[in-house]
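Report on one structure; see the data block that follows.
Order of listing sets the numbers, starting from 1, for every ligand and every atom in it. We count residues from 1, following the sequence as given.
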Amino acid sequence: MQHLLRWTLRVKICGITQPEQGRAIADLGASDLGFICVPSSPRYVTVSQLAAIGTQLPAGVRRVGVFANSTADQISTTVRAAGLTAVQLHGRESPADCQHVRACLPDIELIKALRVRSPQTLEQAQTYAGAADTLLLDAYHPQQLGGTGQTLDWETLAQFRSPLSWLLAGGLNPDNIADALRALCPDGIDLSSGVEIEPGIKDLKRVELLFARLQAVSAERPPSVPCRGAIVKEQMISRRALPT
Ligand SMILES: O=C(O)c1ccccc1N[C@@H]1O[C@H](COP(=O)(O)O)[C@@H](O)[C@H]1O
């Protein structure tokens with residue numbers, strides 16, 4: 001389904017706990033499936049559950065393990081046992097922590113999640129430029145690390161210029177996704193509780209509706225008009241390419 005969109009948008013559905021749901025969601029068009037490797041989460045999956053789910057998934061879909069404040073050793077063990085293709089660090093990991101994980105797992109995409117509490121969090125994003133491959137912006141919640149269903153202030157985020165490709169998360173659902181993508185131009189989106197029946201059990205009808213809504217927004221956007229974010233990134237790339 002994703003190829004029907006007129007621009008490339010990564011769509012990550014997070015908090016998968018069941019093999020058949022993972023496969024169905026990949027078939028509906030998700031580019032990425034996320035698995036919560038944080039024991040305190042109601043969406044937590046053990047390494048052996050994760051390895052079993054992995055055997056059921058189509059080859060092309062990215063498999064993202066979500067960790068929070070885990071050691072590089074713990075992350076590497078899970079990545080290898082479960083055949084993950086990316087890790088999302090959703091805790092207080094510093095740029096140095098990210099670089100350490102990256103050095104242990106050089107072929108694995110490193111996504112650093114930032115829980116946006118204030119404009120300073122967005123300034124921090126710049127410090128991850130050489131330390132992560134991708135950024136993810138999620139809403140801040142004082143008690144929960146993620147999967148909160150809380151949205152970010154998209155108006156404030158419109159000023160955000162990411163040094164890396166970035167995913168928008170936080171309270172996205174089929175009913176607000178069009179507004180989010182009219183306000184912002186992320187490289188991808190990440191949804192969990194907004195397409196759920198209960199924590200860890202996805203609502204496949206809502207996932208289907210999400211893709212229908214994405215197609216509708218995609219049809220609104222002329223392919224010749226790139227996002228503001230895309231223009232900025234092109235400029236940054238061409239600046240980097242200039243001889244010094
Ligand atoms: O989903 C969880 O339980 C979770 C636990 C610990 C860290 C991250 C977690 N989820 C992440 O939360 C965001 C968005 O969730 P929502 O759409 O607002 O429900 C997403 O990045 C998940 O990876």
Report the C-alpha separation of S192 and K202 in whole Å, then their side-chain angles, then the decisive distance to 0.1 Å, and conclude whether the side-chain hydrogen bond (donor to acceptor under 3.5 Å, both in side chains) test is met. CA-CA 8 Å; S192 184; K202 297 298 162 192; 3.3 Å; yes
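- Rounded to the nearest 0.5 Å, atoms NZ (K112) and NE2 (H90) are 8.0 Å apart.
- Taking a cut-off of under 4.0 Å to the non-hydrogen atoms of T148, the atoms of ligand 1 that pass are 18 (O), 19 (O).
- Under a 4.0 Å criterion applied to the non-hydrogen atoms of D190, ligand 1 contributes the atoms 20 (C), 21 (O), 22 (C), 23 (O).
- With rounding to the nearest 0.5 angstrom, the CG atom of D73 is 6.5 Å from the SG atom of C104.
- Salt-bridge check for R92 with D97: failed, with every basic side-chain N at 4.0 Å or more from each acidic carboxylate O.
- Atom 17 (O) of ligand 1 has S192 N, 3.0 Å as its closest protein atom, hydrogens excluded (heavy atom only).
- Heavy-atom proximity to atom 7 (C) of ligand 1, evaluated over H90, Q144, Q150, is greatest for H90.
- Among protein heavy atoms, the minimum distance from atom 1 (O) of ligand 1 is reached at R43 NH1, 3.1 Å.
- The shortest heavy-atom distance from K12 to ligand 1 is under 4.0 Å.
- A salt bridge (Lys or Arg N to Asp or Glu O under 4.0 Å) with K12 is found for exactly one of D187, D190, D32, namely D190.
- Counting heavy atoms from C-beta on, the side chains of Q150 and Q144 never come closer than 4.5 Å.
- Enclosure of atom NE2 in H141 by more than 12 non-hydrogen atoms of other residues, nucleotides or ligands within 6.0 angstrom is indicated.
- Counting only heavy atoms of the protein, atom 3 (O) of ligand 1 lies nearest to S41 OG, 2.6 Å.
- Protein heavy atom closest to atom 10 (N) of ligand 1, with residue, atom name and distance, is G147 N, 3.3 Å.
- G170 counts as a contact of ligand 1, since one of its heavy atoms falls under 4.0 Å from the ligand.
- Within 6.0 Å of the CD atom in E20, the count of heavy atoms belonging to other residues, nucleotides or ligands exceeds 12.
- The only option from V87, V64, L164 that meets the side-chain contact (heavy atoms from CB on, under 4.5 Å) definition with I111 turns out to be V64.
- Listed by number with element, the atoms of ligand 1 under 4.0 Å from a non-hydrogen atom of G171 are 16 (P), 17 (O), 18 (O).
- Counting the atoms of ligand 1 from 1 in the order shown, those under 4.0 Å from a heavy atom of L145 are 6 (C), 7 (C).
- Taken to the nearest 0.5 Å, the CD atom of Q56 stands 11.5 Å off from the CD atom of Q18.
- By the 4.0 Å heavy-atom criterion, E196 is excluded from the residues contacting ligand 1.
- Counting protein heavy atoms only, atom 13 (C) of ligand 1 is closest to D138 OD2, 3.4 Å.
- At least one heavy atom of G149 sits less than 4.0 Å from an atom of ligand 1.
- In this structure, atom 16 (P) of ligand 1 lies nearest to the protein heavy atom S193 OG, 3.6 Å.
- The side chain of C14, and not its backbone, has at least one atom closer than 4.0 Å to an atom of ligand 1 (non-hydrogen atoms only; side chain from C-beta on).
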